[in-house]
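Convention: sequence-line order gives letters A, B, ...; per-chain numbering from 1.
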Protein chains: 2
Amino acid sequence: MGQLDALCQLRGVKLTRPRRLVLAVLEEATDHPCANEIHQRAALRARITLGTVYRILNRLAETGVLTRHSFDGKMRYEAAGRRHHHLVDIRSGRIVEIDDRDFATVIEQAAERLGYRLVDFRLEVRGEPKGP
Amino acid sequence: MGQLDALCQLRGVKLTRPRRLVLAVLEEATDHPCANEIHQRAALRARITLGTVYRILNRLAETGVLTRHSFDGKMRYEAAGRRHHHLVDIRSGRIVEIDDRDFATVIEQAAERLGYRLVDFRLEVRGEPKGP
DNA sequence: CTAAATGCAAATCATTTGCAAAGAG
DNA sequence: CTCTTTGCAAATGATTTGCATTTAG
């Protein structure tokens, strides 16, 4: 059983067959799929409705089992706790992970200054390789 | 004539009445309106179709006159050159601008450390209001 | 004048919702 | 057993598109 299933128990989210399926898809995902993509991947393994996928995703996002961003005109999802800070190499398109410990503090302070408590943040950096 | 009109000339974007209207709305905006909001504001001044607003926004985003982000399930727009770092109030959905000077340096250094020159970045912070 | 832009309405995606049947605890 | 969740299908909201008409350059 995956990490996310355990997290569901903890948050009091009932574990059903369709939910396990969605959770499994998101545990295996290395990208940020939208509801439709999640449904397609899940449907390869068992019968599940797109409407149900939407309801599940809403529930899991509300309870903090997943995080959700608006991207490319759609809502996209990932397992909670994954790092989502990237540097995109504009020459090659390669994506490099950035360690967020460098920023967490300064961002927290900035939020504080505006009267907010930092809940989460997402940073996308574009850069080009130095040197030849 | 606003700054954006000049930018259109430069990029070879034909200046029509509806386009000037959309540009004016976005020059005056202090928030990040979606197509529908832009249409409502524009329609107060002259007759214009929502469909046309969408087409104009696409053209202006493609040519770099405006920048577009996906937010709150909708596409939202702002004049090019404005900083696009936001704090999203997770209670109300309100979007607050963050001054990026706080981060530019530390992000530049992080990129440097990974062997890259910083070209651009985008920061999205989610926070909840402090206080009782 | 000519290619590009607009209005209008219908089409296409993304997401939500009402209701009856199935399932978890 | 009871309350929640699912399936199905229809509804809503965001965005795009085809076609005849107007307009900027």
Inset, instruction - Please confirm whether A:His69 and A:Tyr77 have ring centers closer than 6.0 angstrom. - result: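 They do not qualify: ring centres at least 6.0 Å apart.
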
Legend entry - A:Phe121 and A:His85 aromatic centres sub-6.0 Å: yes

Inset, instruction - Starting from the 5' end of DNA chain D, give me the residue, B:Val13 or B:Thr52, whose nearest nucleotide shows up first. - result: B:Thr52

Inset, instruction - For B:Lys14 and for A:Arg55, find the nucleotide of DNA chain D with the closest heavy atom, then tell me which residue's nucleotide is more 5'. - result: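 It is A:Arg55 whose nearest nucleotide is closer to the 5' end.
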
Legend entry - Whole angstrom value for the distance that separates P of D:dT5 from CD1 of A:Ile56: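 Roughly 10 Å, once rounded to whole Å.
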
Legend entry - Rounded distance [0.5 Å steps], CG in A:Leu21 versus CZ in A:Arg45: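 Those atoms lie 6.0 Å apart.
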
Legend entry - OH on A:Tyr116 to CG on B:Leu87, rounded to 0.5 Å: 6.5 Å

Legend entry - From CA spacing to verdict: side-chain contact (heavy atoms from CB on, under 4.5 Å), B:Leu57, B:Leu26: CA-CA 10 Å; B:Leu57 292 172; B:Leu26 277 154; 4.1 Å; yes

Legend entry - Worked check of side chain to side chain donor-acceptor pair (under 3.5 Å) between A:His86 and A:Glu124: CA-CA 5 Å; A:His86 311 293; A:Glu124 187 179 314; over 6 Å; no

Looking at [Y], is its backbone amide N or carbonyl O close enough to the side chain of [X] to form a donor-acceptor pair, meaning the two atoms are under 3.5 Å apart?
X        : Y        : value
B:Glu27  : B:Gln3   : yes
B:Thr16  : B:Arg19  : yes
B:Arg122 : A:Leu123 : no

Legend entry - Touch class at under 4.0 angstrom, heavy-atom based, for A:Arg17 against every strand present: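 A:Arg17: no heavy atom of the nucleic acid under 4.0 Å.
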
Inset, instruction - Under 4.0 Å from any heavy atom of chain A: name the first and the last nucleotide of DNA chain C that qualifies, 5' to 3'. - result: C:dA14 to C:dG25

Legend entry - Polar side chain donor-acceptor pair, B:His32 to B:Glu37, under 3.5 angstrom: no

Identify each atom pair where a protein N or O and an N or O of nucleotides 12-15 of chain D are less than 3.5 Å apart, giving names and distance.
unit_1	atom_1	unit_2	atom_2	d
D:dT15	OP1	B:Met75	N	2.8
D:dT15	OP2	B:Tyr54	OH	2.6
D:dT15	O5'	B:Tyr54	OH	3.4

Legend entry - Those residues of residues 18-28 of chain A lying under 4.0 Å from DNA chain D by at least one heavy atom: A:Pro18, A:Arg19

